[in-house]
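Attaching a single structure in structure tokens format; questions to follow.
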Amino acid sequence: MSSISKRCIRPLLNYSQYIKYFRRFVVTVTDEYRPAIKTRSSIKGIELLRNPSLNKGMAFTIEERQNMGIHGLLPPAVLSQDIQALRVMTNLHRAQNDFDRYNELMNLCERNEKLFYRVIADNLELLLPIVYTPTVGLVCQKYGLIFKRPRGLFITIHDKGHIYDILCNWTEEQVKAIVVTDGGRILGLGDLGAFGMGIPIGKLQLYTAIAGIPPQNCLPIMLDVGTNNEEVSTNPLYIGLRQQRVRGKEYDEFIDEFMAAVVHRFGWNCLIQFEDFASDNAYRLLERYQKRYCTFNDDIQGTAAVVLAGLIAALRITGTKLSENTYLFVGAGQAACGIADLVTHAMIREGASPEEARSKIWMYDVHGLIVQGRLQGDLDGPKASYVKKGKAIKDLSSVIDYVKPTVLMGASGVGRLFHDGVLKKMAQANERPIIFALSNPTSRAECTAEEAYRETDGRCIFASGSPFKPVVYKDKTFHPGQGNNAYIFPAIALATIACSARHVEEDMFLIAAQQLGSLVSEKDLESGRVYPPVPSIHDVTVKIAAHLVEHLYKTKRAWNYPEPNDKEEFIRMQLYDTSYPYFGPSAWNWPEPHDKARCIPSIDDNISLGS
Ligand SMILES: NC(=O)C1=CN([C@@H]2O[C@H](COP(=O)(O)OP(=O)(O)OC[C@H]3O[C@@H](n4cnc5c(N)ncnc54)[C@H](OP(=O)(O)O)[C@@H]3O)[C@@H](O)[C@H]2O)C=CC1
Ligand SMILES: CC(=O)C(=O)O
Ligand SMILES: [Mg+2]
């Protein structure tokens, strides 16, 4: 039985190698090809092939095809999952661009879910940039071309009063996690309205591919309250409501009803991850629901944890404490303020006073450095804690001269804000400047990895929200790490679901950050990474989740009893299995519920319901 685990990336084969490889794996009629897990299904015949959770495509053995009434519906050869995966990868390599690769992968997900997750899990470094940032950004912008079949729920403001009924239209009963957006701020691309659905879908695919949470437990939801983006709403292919965004009381009542309806439909322990809401709503809703529901905001809290982890690792290089650094945030929205708050919290734990800790953090927004008495732009909301006495400077290079940051953190959603002058100034002021360009997708990164290393003469410690390829500078190869909340939210979700925690509390993010930071090896640091390499993200996630579960039991917030001794083993036992089940002779002979006599299991059946 193979659960989601790291496997090597297979090199692309040419056609004749492919055929040779293919022959090794073709299972003939006489071969014994029988995966260990038996399963039962009430679905048979052509419907079985149309059901992505059950379909094995050409991997159904001849015996299974006869058992399930699909004999003759498939070509006669029987292929192993290995060869199917190879075929998928070959097609992906042949595709013209990443948008087409995304399409290809989503088509696969709609045909054969196990194969889809197997391929993603085997090739995380290659495929995360397709199902996630940066490609998912482009996909959202062109979502009118993508939408084919329902892969989640669209609930509009006009459904107010009936949200529970819509949730009942989702036929999976075991929904344990929802990622929800209103499309208000999709990555750094702004308001994309219902086109933003690509984000909850992508985030939940990472729940499965990274954290091993079964796809049947995951539900993506788009709350459509309109869009103020005219380019989107006038697009003839737009899939959402063509109206201005609803705000104020009506919006709040809508979200309130949604939260209550989720609990009513799926239970109090259904996790709700808020994703890519615009800043004003994101903070308000987090405050409103944090203590009442099982919920968190990924852009505020998940991002904070991943960045703190990267800082903890980076400070092993500079040999300094968090409170010995000066931080300049470029962008003072939800991501920046979430990070600043958690870093402040961590500095206080180091021994700094709250005032001392906050004094280390400067913020810069669209109107310049955030200082008291500044005439333009607001100074309230979450950024208020970081307003300083000082000069109102607009030019970023001059701000660097003035603040002298040791850490420069981009969370502005504006591409190339860290121009060469800015980067050079960071290099002049610091032996090892820490530079994080967190904005997504790649086009919105404040600088590229190549620019960061070049302009700082290879001395900077760099990370970015979207991936960059290794950079060769003066004969040294740097492997920039990916400072993306994908290292955190799957672990938070896995731990919360595994032990039925009622709330996702702040301390979980601090623990996740410390744990992630500690998993960065000396070798990673030497190669330029302040995060573990992407191919290890599944193991890293399980380890972080195990720590969180330990903590939740210790603090009496876990509701699954009895408490397991080995938390990691407990988690691993719950992970999604990408190997196919076996449809044995009695697999489709599923008794009708009223037929009680036939419901008594036969000893010969040796049934395990599998995954
Ligand atoms: N790597 C990761 O894991 C994550 C990355 N992000 C990325 O961070 C970015 C920001 O997201 P988020 O915080 O939610 O967005 P917000 O809209 O909440 O914040 C954006 C901030 O950037 C400021 N800003 C806009 N233009 C400029 C400019 N030209 N110069 C300086 N500041 C500017 C805004 O100023 P003002 O307040 O004045 O409008 C605002 O403070 C996005 O690109 C997102 O993809 C987000 C979450 C996770
Ligand atoms: C990564 C992420 O959550 C964002 O860019 O919004
Ligand atoms: Mg986000």
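Just so it is clear, the structure is predicted and the values come from calculations on it, not from any experiment. Remember, it's 1-based here, ligands and their atoms both numbered in the order they're listed.
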Which protein heavy atom lies closest to atom 1 (C) of ligand 2, and at what distance to 0.1 Å?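 In this structure, atom 1 (C) of ligand 2 has N440 ND2, 3.3 Å as its nearest protein heavy atom.
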If you have a sec, work out which protein heavy atom is nearest atom 19 (O) of ligand 1 and how many Å separate them, to one decimal? G333 CA, 3.3 Å
Before moving on, can you tell me the angle at the Mg ion (ligand 3) between the OD1 atom of D299 and the OD1 atom of D276, to the nearest 10 degrees? 90°
If you measure every N/O of N484 against every N/O of ligand 2, is any gap under 3.5 Å? no
Counting backbone and side chain alike, does D298 bring an N/O/S atom below 2.8 Å of the Mg ion (ligand 3)?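 Given the 2.8 Å cut-off, D298 does not count as a ligand of the Mg ion (ligand 3).
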Taking the side chain as every heavy atom from C-beta outward, state whether R247 and D280 have any atom pair closer than 4.5 Å.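 Sidechains of D280 and R247: in contact.
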How far is atom 30 (N) of ligand 1 from its nearest protein heavy atom, and which residue and atom name does that atom have?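 Of the protein heavy atoms, L417 CD1, 3.6 Å lies nearest.
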Shortest heavy-atom approach to atom 10 (C) of ligand 1 - which of A463, S466, A411, A282: A411
Could a heavy atom of G377 be found less than 4.0 Å from some atom of ligand 1? no
Say you draw a straight line from CD1 of I120 to CG of L206; how long is it, rounded to the nearest 0.5 Å? 8.5 Å
What's the spacing between Y283 OH and K383 NZ if we round to 0.5 Å?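 Spacing of OH (Y283) from NZ (K383) equals 11.5 Å.
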List every atom of ligand 2 that sits less than 4.0 Å from any heavy atom of E275, numbering the atoms from 1 in the order shown and giving each element.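 The list of qualifying atoms is 3 (O).
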Can you check which of D280, D298, V366, D378 brings a heavy atom nearest to atom 36 (P) of ligand 1? V366
What protein heavy atom sits nearest atom 3 (O) of ligand 1, and how far off is it?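 Minimum-distance protein heavy atom for atom 3 (O) of ligand 1 reads N485 N, 2.9 Å.
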Closest non-hydrogen protein atom to atom 41 (O) of ligand 1, residue and atom name please, with distance? A332 N, 2.8 Å
Enumerated ligand 2 atoms positioned under 4.0 Å from heavy atoms of D299: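 Result: 2 (C), 3 (O), 4 (C), 6 (O).
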Could you identify the single nearest non-hydrogen protein atom to atom 9 (C) of ligand 1 and state the distance to 0.1 Å? S439 OG, 3.4 Å
Is it the side chain, the backbone, both or neither of R444 that has a heavy atom closer than 4.0 Å to ligand 1? neither
Heavy atom of the protein closest to atom 5 (C) of ligand 1 (residue, atom name, distance):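 Here the closest protein heavy atom is L438 O, 3.2 Å.
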How close does the nearest protein non-hydrogen atom get to atom 47 (C) of ligand 1, and which residue and atom is it?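 Its nearest protein heavy-atom neighbour is T303 OG1, 3.3 Å.
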Please confirm whether K383 approaches ligand 1 to less than 4.0 Å, judged on its heavy atoms. yes
Quick check on R185 - does any of its heavy atoms sit under 4.0 Å from an atom of ligand 1? yes
Name the option, out of S464, A278, S412, that contains the heavy atom nearest to atom 20 (C) of ligand 1. S412
Nearest-neighbour protein heavy atom for atom 1 (N) of ligand 1, which is reported as residue plus atom name and distance: G483 O, 2.9 Å
